[in-house]
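Written out below as structure tokens is the structure these notes cover.
Whatever order the structure lists them in is the order used to number ligands and atoms, beginning at 1. Scope of the values below: all heavy atoms of this structure, side chains included, with no hydrogens, waters or symmetry mates. Worth saying up front: this structure is predicted, and the values here are computed from it rather than measured. In this chain, residues are counted from 1 in sequence order.
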Amino acid sequence: MGLILDLARQFLRDYNIDGLPASGVYEPEKSAGRALFEAIDNQPGFGVAAGDSIWQTPTMPGANGGPGDIIAVNGQTPEGYIAQLWEPLRQAHPGYITRALLGKDQSGTHDMWRYEFTPPNPQKTILLTCNAHGFERLSQIGVFLFLREVAQNWKSHAGLAHLRWNVRIVVVPIVNPWGLAQSPPTRWNSRLVDLNRNYDYRWTEYVVTNPSETGSKGSAPFSEVEAQYLRDMLDQYPEAVAWFDMHDVNGPGPSGAETITHILYAPNPLNSGAAINIGREVFESIKGPDDNLLCFGAAPQPSAGNYATARGLIGATPEATTDGSSSSRWTSLATTRAVKFWGNLIIRASYQDRPSARVCAPFVMQARWAAGSDPSILTSATTYADIPGLNLMCRVPGAGLMIFDGVATVRVTGAGTGNPGRVFLTPKIGIEQNPVAVASAVRNDYWEVYDDVQSGRVSVIPFKAVIPVAGNNGPISGGPQLRAGLWWRTSTETPGATIELLRYQATLEFRPSDHVAKFQYYRSTGFMSESEGAMKQIFPYPNPFAETP
Ligand SMILES: [Zn+2]
């Protein structure tokens with residue numbers, strides 16, 4: 001055991017978190033974040049594992065070159081970022097941070113560097129890449145500021161200490177130095193290739209629809225040397241648990257409720273459950289006035305995040321938002337927001353195993369009703385309408401299956417003696433912008449059931465519907481996203497029939513999975529217009545690019 005390690009452990013033992021007595025062990029669950037998570041646990045549709053601890057990010061400096069700023073982004077060269085940010089940090093921590101020269105970029109003019117933050121005995125490895133799109137400079141600055149916190153302020157939080165002493169962090173701060181060096185900086189590299197479309201994940205199937213905007217995907221997977229360096233990085237650290245490829249978008253600012261502040265792209269329908277679950281948990285823990293809207297994007301492109309996921313890592317493309325779109329958009333607000341989002345993602349990922357066994361908590365919601373003192377619920381309509389009051393709603397915390405089933409007890413009158421009234425019920429379950437459900441066929445599920453009921457008689461009719469889900473897409477601050485309810489109607493073949501609802505019991509169950517691709521969802525083809533005798537695979541989709549499976 002080295003002296004430095006012993007000293008470090010002594011320091012850990014002696015250090016208090018949030019005023020709690022030092023226990024001798026760094027336990028994340030002892031930080032102040034615990035109470036917040038317990039509060040979130042009480043909300044329907046969301047649960048997190050005990051022991052998770054958010055990092056309350058201190059205010060970060062801006063990067064507009066003003067007083068107190070970390071750097072001046074405008075006009076900054078790739079070499080300037082290395083000299084002003086990364087090298088001083090490395091030189092301040094020579095036993096912790098090293099760097100390796102990867103070689104020249106595709107243009108042959110810029111050196112490409114990889115920095116490694118290596119604790120004495122790393123138990124995990126996390127890969128980070130930034131600035132693959134040359135103009136997205138917040139991606140590099142945000143990661144730098146977070147890693148500076150890990151190196152210099154790890155004593156302030158258990159998650160940072162965990163990274164500092166247990167986790168190797170490998171970062172390529174500037175994946176696209178040529179694009180960054182242009183005036184103005186560009187998205188693509190020197191051969192007008194979008195480096196984030198140059199990986200081998202579904203490269204052949206991917207069609208570049210707007211090359212003037214996004215660049216080409218290259219002549220072949222890994223045709224560009226910049227993408228080769230990143231491929232080789234994963235080959236060198238195949239045990240890495242996560243690879244986050246940071247990006248950013250210009251935002252109009254955080255004031256409007258509609259403004260997206262955080263985006264998490266993950267492939268579809270590969271095993272993106274772990275990344276989605278972590279992203280959802282992080283966002284739930286940090287959301288506030290400046291962090292007000294998370295969107296999940298499911299984009300089956302040949303990107304770094306998708307390549308990493310296909311290789312079994314927790315892979316994702318987390319995007320943060322700059323402060324408006326002006327030439328001074330790298331404000332403290334923007335950097336703090338990015339560091340808070342990405343830092344907590346990295347902390348959370350560092351507690352995961354690979355392949356991740358992480359799942360959200362399962363939950364059940366139930367609705368029960370019986371006729372009594374309430375007014376009768378009746379319908380004579382021959383077109384579908386909601387059964388009033390039967391409407392279960394929740395947010396979807398992560399990947400899994402949503403199952404909606406139950407029974408309804410009905411009585412038919414007015415159909416005439418000996419003349420059955422036909423009762424139709426359709427359970428309906430749907431999620432807005434379900435990122436798993438590429439095809440509209442499983443975005444919602446409607447499964448009509450019916451029974452023929454003699455006038456005056458009672459019938460008990462069961463119903464069931466199921467859809468695969470991932471974390472909600474779209475705004476989550478606007479309220480519940482998944483809805484489950486029941487439609488009912490009678491038939492034009494039995495005019496005059498009235499259905500009276502006597503009782504119902506309906507259950508909505510979330511059955512979580514860490515791995516979206518583990519879902520296998522089949523339907524018989526022996527109904528409606530399809531031929532009989534076969535099962536149709538509904539999920540996973542044979543071709544995620546097709547709008548219909
Ligand atoms: Zn980008």
| said: Between Trp55 and Phe146 (judged by ring centroids, cut-off 6.0 Å), do the two rings come close enough to count as a pair? | reply: yes
| message | Which atom name would you report as the N, O or S atom of His133 nearest the Zn ion (ligand 1)? | response | ND1
| query | Can a salt bridge be assigned to the pair Asp111 and Lys104 using a cut-off of 4.0 Å between side-chain N and carboxylate O? | reply | yes
| said: Checking one value in my table: which N/O/S atom of His247 lies closest to the Zn ion (ligand 1)? | reply: ND1
| task | Going by the side-chain contact (heavy atoms from CB on, under 4.5 Å) test, name the single residue among Leu230, Val171, Leu102 that passes it with Arg114. | result | Leu102
| query | N/O/S atom of Glu319 under 2.8 Å from the Zn ion (ligand 1), yes or no? | reply | no
| How about Phe363 and Phe510: are their ring centroids closer than 6.0 Å? | yes
